[in-house]
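See below for the structure under consideration.
Read the numbers this way: they start at 1 and go in the same order the structure lists the ligands and their atoms. All of these numbers come straight from a predicted model, not from anything done at the bench.
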Amino acid sequence: MDIKSVMMAIACALVGGIAGWFVCPGQQLRAWEPPISHELLQSVKNVIPVVVIGSGPAGLTAGMYAARFGYKTLVVTGDKPGGALTETTWVENWSGIEKQLGPDIMQNLQAQAARFGVEFLYDVVAKVDFSKWPYALELEDGTTLHALTVIIASGSSPRKLGVPGENEYWGKGVTTCAVCDAPFHKGKDVVVIGGGDSAVEESLQLAPYARSVTLLVRGDTMRAAATMKKRLEAVDNISVIYSVEVQKIIGNDDEVTGVEILNKKTKEVFTKAVSGVFLAIGHDPNTKMLGGQVELDDHGYIVTLGRSQQTSVAGVFAAGDVQDPVYKQANASVGYGTNAAIDANSFLQHHGFNSEVLRNLEPQYFEAFLQDRIEVAKIENLSDLKELIENTQGLLVVDYYAPTCPSCMQMLPAVEAVAADLKDNVTFVKVDTSESMDIVKEYKVAKIPLLMVYSNGSLLARYNQAMNKHELTEFISSFIE
Ligand code: NDP
């Protein structure tokens with residue numbers, strides 16, 4: 001036994017088991033638990049038994065299981081409903097299905113969860129307060145929800161390079177989503193940065209559109225799976241350059257025109273002319289809204305205790321990429337989501353939340369469990385749209401989308417929710433650009449999602465970025481006098 005182990009053994013014998021400050025051999029680290037009693041709920045409004053933060057495979061599965069256990073369950077979708085899988089194309093390793101489009105998988109999963117009674121709030125959790133129970137979650141619009149249990153399944157966000165030009169040209173050629181932007185690089189040269197499965201996937205998605213795809217790998221080898229590399233080698237217009245680092249992204253103010261690359265072996269710096277820079281350099285877990293109230297590991301992933309999804313706060317569970325630094329697979333996330341809901345059920349049962357207690361609590365449930373959404377009318381003919389623009393009194397918002405555009409489809413529920421909120425002041429319509437080419441040509445729609453805002457026939461704004469409900473409300477409200 002080394003000296004450290006001896007010290008630990010003595011400390012464990014003296015205080016460790018009582019204080020729970022560190023894990024002793026054979027001892028399970030216990031979560032911190034605030035006072036929990038049914039009395040504490042007496043005067044609390046906006047109560048929800050199970051709140052899931054995030055709507056990827058982990059979140060939707062957790063929601064489905066929790067609802068199936070019989071709990072009123074709310075999934076707060078975040079600003080990318082459906083999560084990362086909605087930004088991919090064909091998935092061939094989703095268990096039980098040979099090959100299916102990522103967005104379709106997520107739509108099916110959401111429909112399945114909804115069939116068990118899961119409610120969806122197309123909003124973002126901005127802050128949490130886990131210092132006392134029931135746990136408080138503040139949405140971006142300022143609403144506070146009170147949860148008996150929380151399942152954090154907020155996923156991870158793509159990493160950025162941190163080089164000059166990256167922020168300046170973000171959305172103007174620099175992106176992390178090939179499936180969204182590949183068609184804008186038809187016949188052009190692009191680079192993909194990274195050496196993992198995502199980088200290969202992005203390259204394969206770009207190859208049918210771009211003239212050439214150059215994969216820039218910082219090391220001597222790629223960490224992508226052998227099967228993925230094989231698929232890469234089979235495509236003629238993809239090439240790989242190893243041991244290189246992008247130092248700068250160059251542009252002409254409007255769009256990317258090239259990248260400055262360092263050859264790490266020769267120290268030579270050269271410029272490559274490209275129209276697109278696709279980043280695939282890994283992800284960071286989304287934990288900002290937790291404000292440090294849940295224990296994270298050195299890389300920012302939520303720590304779960306033992307063989308459970310329990311976080312360092314009792315009744316708060318984590319599932320999926322936000323707590324998984326190793327496997328990061330959609331299939332694995334489904335498992336974590338399942339476990340988290342089972343853990344949440346045990347927690348609620350342990351604290352006596354049987355069906356009778358929950359029925360008594362129903363008058364305090366979150367009123368807006370059913371967020372108002374209205375079906376936005378779809379316009380298919382150019383003449384109908386022209387007439388609408390000319391004759392609509394007050395504000396008219398036209399949402400251009402396509403079923404194959406993930407960010408458009410992710411924004412659609414937010415558009416429907418805002419359309420319901422602002423129905424007295426604003427008319428919303430949508431145009432499917434894949435069906436209405438005459439409209440696309442007439443209004444020069446080159447990139448989607450696109451919102452065009454009119455007031456009494458005059459165009460006030462064209463806006464080309466995806467927005468969440470909060471951003472959309474602020475954007476549209478700024479035109480209401
Ligand atoms: P990974 O973490 O696997 O790979 C990130 C890559 O980016 C690595 O090659 C890394 O280089 C490189 N990188 C990191 N930082 C920089 C930087 N600053 N500059 C240049 N390169 C950098 O992330 P992925 O997103 O590719 O994959 C995440 C997980 O998702 C994996 O488990 C993967 O298997 C899975 N996945 C599976 C898919 C499938 O099965 N079809 C598709 C996509 C993802 P280095 O190797 O030198 O560290």
Of the listed options (Asp197, Leu85, Thr221), which comes nearest to atom 34 (O) of ligand 1 when hydrogens are ignored and any heavy atom counts? Asp197
If you measure every N or O of Ile193 against every N or O of ligand 1, does any of those distances drop under 3.5 Å? no
Ligand 1 contact on Ala280 by region, counting heavy-atom pairs under 4.0 Å: backbone
Considering only heavy atoms of Tyr327, which atoms of ligand 1 have at least one such atom less than 4.0 Å away? 32 (O)
Protein heavy-atom partner closest to atom 23 (O) of ligand 1 - residue, atom, separation in Å: Gly282 CA, 3.7 Å
NZ/NE/NH1/NH2 to OD/OE distance under 4.0 Å, Asp189 and Arg211: yes
Quick test: of every protein heavy atom, which one is nearest to atom 7 (O) of ligand 1, and how far off is it to 0.1 Å? Ile281 CA, 3.2 Å
Report yes or no: does a heavy atom of Gly219 sit under 4.0 Å from some atom of ligand 1? no
I need the nearest protein heavy-atom contact for atom 29 (C) of ligand 1: residue, atom name and distance, please. Lys328 CB, 3.7 Å
Start with the C-alpha gap between His185 and Phe278, add the side-chain angles, then the distance that decides, and say whether ring-ring contact (aromatic ring centres under 6.0 Å, His included) holds. CA-CA 11 Å; His185 299 277; Phe278 290 79; 5.4 Å; yes
What I want to find out is whether Asp421 reaches Lys469 closely enough, with some N-O distance under 4.0 Å, to be called a salt bridge. yes
Under a 3.5 Å threshold, yes or no: a donor from one side chain and an acceptor from the other, between Asn167 and Lys160? yes
Return yes or no for this condition: an N or O of Ser198 is under 3.5 Å from an N or O of ligand 1. yes
Between the side chains of Asp343 and Arg307, is the shortest nitrogen-to-carboxylate-oxygen separation below 4.0 Å, so that they form an ion pair? no
Would Lys248 and Glu166 pass as an ion pair if we require N to O under 4.0 Å? no
Below 4.0 angstrom, N of the basic side chain to O of the carboxylate: do Arg231 and Glu201 qualify? no
Determine whether the side chain, the backbone, both or neither of Val217 has a heavy atom under 4.0 Å from any heavy atom of ligand 1. neither
What is the closest protein heavy atom to atom 15 (N) of ligand 1, and at what distance does it sit? Arg218 NH1, 3.4 Å
Is the count of non-hydrogen atoms from other residues, nucleotides or ligands lying under 6.0 Å from Lys288 atom NZ greater than 12? no
Main-chain N/O of Ala207 paired with Asn237 side-chain donor or acceptor, under 3.5 Å: yes
Within 4.0 Å of some non-hydrogen atom of Glu201, the atoms of ligand 1 are 41 (N), 42 (C)
Any heavy atom of Gln329 under 4.0 Å from ligand 1? The part involved is side chain
Tell me: protein heavy atom nearest atom 3 (O) of ligand 1, and distance? Arg223 CD, 3.6 Å
Need the ligand 1 atom indices (1-based, order shown) with element for anything under 4.0 Å from a heavy-atom of His283. 25 (O)
With heavy atoms of Gly195 as the reference, note each atom of ligand 1 found under 4.0 Å away. 6 (C), 7 (O), 8 (C), 9 (O)
Might you confirm whether atom CZ of Arg68 has over 12 heavy atoms from other residues, nucleotides or ligands at distances under 6.0 Å? no
Considering only heavy atoms of Gly196, which atoms of ligand 1 have at least one such atom less than 4.0 Å away? 4 (O), 6 (C), 9 (O), 26 (O)
Nearest non-hydrogen atom to atom 18 (N) of ligand 1 belongs to which of Val200, Asn93, Leu161? Leu161
Is any side-chain heavy atom of Thr311 closer than 4.5 Å to one of Val303? no
